[in-house]
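Take this structure, written in structure tokens, and hold onto it; I'll ask about it next.
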Protein chains: 2
Amino acid sequence: MTFRVPGGFRYAGIACGIKKSGKDDLALVIADRPCAAAGVYTTNLIHAASIDWNRGLDPSRGMRGVVVNSGNANACTGDRGVADNARLASLAAAALDDDPRAFFVMSTGVIGHFLPMEKLEVGIPKVVAELAAGEEAFLRAATGIMTTDAFRKTASKQVEFRGGTVTIAGMCKGAGMIGPKMATMLAVVTTDAAIDSAELEAELRWAADRSFNCISVEGHMSTNDSLVLLASGLVPIAADERVRFREALVELCIELATLIPKDGEGAKHLIEIRVTGAADDTDARRIAEAIANSPLVKTAITGNDPNWGRIVSAAGYAGATFDPAVTRLVLCGRLLFDAGQPTAFDAADTSAAMRDSSTVTIDLSVGNGPGEARHWTSDLTVHYVEFNSEYTT
Amino acid sequence: MTFRVPGGFRYAGIACGIKKSGKDDLALVIADRPCAAAGVYTTNLIHAASIDWNRGLDPSRGMRGVVVNSGNANACTGDRGVADNARLASLAAAALDDDPRAFFVMSTGVIGHFLPMEKLEVGIPKVVAELAAGEEAFLRAATGIMTTDAFRKTASKQVEFRGGTVTIAGMCKGAGMIGPKMATMLAVVTTDAAIDSAELEAELRWAADRSFNCISVEGHMSTNDSLVLLASGLVPIAADERVRFREALVELCIELATLIPKDGEGAKHLIEIRVTGAADDTDARRIAEAIANSPLVKTAITGNDPNWGRIVSAAGYAGATFDPAVTRLVLCGRLLFDAGQPTAFDAADTSAAMRDSSTVTIDLSVGNGPGEARHWTSDLTVHYVEFNSEYTT
């Protein structure tokens, strides 16, 4: 599908010198006029100044946009970090002649360093001057929020409603420190749908729980996870059409979210884990997360090794209750473990199927209960270790 | 201290052909006469036949010993695995003219493969014939339980009591799939102290909670974790001396347990995490475990990188409550984060201290509460990934 962005917004991304590499590191997403908005954030106790700022905002009074810097997380920076964050919002507000509290702030990058405010003082008026509507500007903003990402992460979707065509477009970033509990790293989604802030928040939490909260790279929850949705309100949506908007939003969020483990630092495979038959969805999710966060499962998949004992043993310590005697595991479409017994599967064939799949699927059924979950993660390669051993030194 | 083993036991280890390498893979620890005993085991729902067998035993009626095979976990092997496990105990019982239910069984190795019973039928009488008292035989048994271990893991301790000198000697194995909840991998401890089975179990749980339950390599709980303590009862211990026995047992268990992450697959550093000031010990332990299980923390230490934001951010998502504004982090003796603010520390000096320490210490104080915990883990190196990508293929 052609990439489309909704009406009612302008976007920009520039390099202002936070990153030594000279790459883009400052982005803006701005609504033409005050709009409905919602956000969900990391639940990490140790979090960035931006998280407290965003949580303190009142989207019901109308928001103007999001200021994003990459290259510096502004986390664990104490009172000075809080002041620097407020200054970012004020600079954007001054340039756009609005209230600072109409602006979300997002920061990403290394923890524990102070923001280079002298660069941002110059950069914000500059990025405001670059604001433009349309796909090209959106993509430039999506570049501005990247850190260790190997590729830019965007998705868009259009749905026909009686009042017109609704467009939803999103950008996100992230490739490491991914183990979200409420949202992951940075994501900004814009839409032209007409939905108020309180309702948007409900939709966004529902979508985040089925997308950004179901991915991991190494399971380390970030200090800065933020997902914000802005709705310019140009296209009306009838009450009986809301479920279709919700479905479109979830699909878009899954598309965006799965780009993150697909780009997991050093990843060779995206791993899709589907758990069914659990007592409830919570148990299913616990099992999926235990599998996703096991370095033994992830390294086996790196090596295209159908060492399925690692998968079922991870399920066993997840904290969920199930009966091993009715448990069944299918890996890349091959049945490896059934009713508590190993099957006589073809290991070479299964290994070849893993090697040839960019997405390795794990289907684990643990009984006849109604609980199910999906989770996406990346495998664990030598490159992940090399990269993260050398990140700040 | 010289390595000493207690009286009242015989030991043996041989190669019976389970391992393709031809290395030792069958070991016995036998008491001269029925003795007091206790065991603690993995809490993984998916577990080996040996775990159910051992849990079903009644140590109060007197135990004779432990049969251990390495190279095959006999886990996820269904009814046939259960029968094979019972046969192992019966073979040992027949050779020693005792009841099968006087023998603990332990298995370790790959999950999901049936035990090669024809090799064990021949091997068990052979290992029984090798039984001998003393240090040399003990060390041979400790060799027989190894799998991916780079070195044999043993420890011994002697304590003077009014009734005589008590000796405690232990052997354990493990280098991967280490994230115990009740005990870890395989460990057998023998002592000549006179303590009954019920009391031994209380002492063993207390010691395991402060040693084997406080270590991890990658945090993946094994299907086979077993720690068994046998007491031959040769040396009486008075009631007021019990606390000294307990202390000696904990010290011995810590010495044994920390050998495991020290030999963590591919590890360059042992990491000792000490958390203080938490609301209670449970919170302190949650924080220590979250730090220990973060691949980002572990890779930073591999790279001698004082990237402390990874450590405090892991504490933040541990599920414990604390105030970041009074949190304080000391890494290898250097203060890096104090009262919610970064310090002006010397990164090059800290990195050199990490590089030059075989044990990297992390001291995190999160407040003024009484809660504290210690946890030991290994760093995460390229070699871990290489090794575990190529384990069965």
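By convention in this document, chain letters (A, B, ...) are assigned in the order of the sequence lines, proteins followed by strands, and residues within each chain are numbered from 1.
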Max heavy-atom pair count under 4.5 Å with chain B, selected residue of A/A73, A/A314, A/A318, A/A300: A/A314
Side chain, backbone, both or neither: which part of A/S222 has an atom under 4.5 Å from a heavy atom of chain B? neither
Atom CG of B/N293 and atom CG of A/N293: how far apart are they, to the nearest 0.5 Å? 9.5 Å
Are A/N388 and B/P295 packed together at the side-chain level, in the sense that at least one heavy-atom pair is separated by less than 4.5 angstrom? no
Measure across B/P324 and A/L45 and return the closest heavy-atom pair with its distance rounded to 0.1 Å. CG-O, 3.5 Å
Enter the distance from A/Y317:OH to B/T42:OG1 here, rounded to the nearest 0.5 Å. 10.5 Å
With chain A as the partner, which of B/G309, B/G340, B/S313 has the greatest number of non-hydrogen pairs under 4.5 Å? B/S313
How far apart are the closest heavy atoms of A/H220 and B/R310, and which atoms are they? CE1-O, 3.0 Å
Interface moiety of A/F114 toward chain B, non-hydrogen atoms closer than 4.5 Å: side chain
Checking heavy atoms, do the side chain of B/T327, its backbone, both or neither come under 4.5 Å from chain A? neither
Evaluate whether atom CG of A/D280 has more than 12 neighbouring non-hydrogen atoms of other residues, nucleotides or ligands under 6.0 angstrom away. yes
Nearest heavy-atom approach of A/P342 to B/T77 is CD-CA, 4.1 Å
Mark yes when over 12 heavy atoms from residues, nucleotides or ligands other than B/D349 sit less than 6.0 Å from its CG; otherwise mark no. yes
Can you tell me which portion of A/A320 sits under 4.5 Å from chain B's heavy atoms? Options are side chain, backbone, both or neither. backbone
Among the options A/D323, A/I111, A/N44, pick out the one with the most heavy-atom pairs lying under 4.5 Å from chain B. A/N44
Check the pair B/E218, A/T299 against side-chain contact (heavy atoms from CB on, under 4.5 Å), reporting the backbone distance first and the verdict last. CA-CA 11 Å; B/E218 77 293 88; A/T299 50; over 6 Å; no
With respect to chain B, which residue among A/L296, A/T302, A/V382 yields the maximal number of heavy-atom pairs within a distance under 4.5 Å? A/L296
Shortest non-hydrogen contact from A/S389 to B/D305? O-CB, 4.3 Å
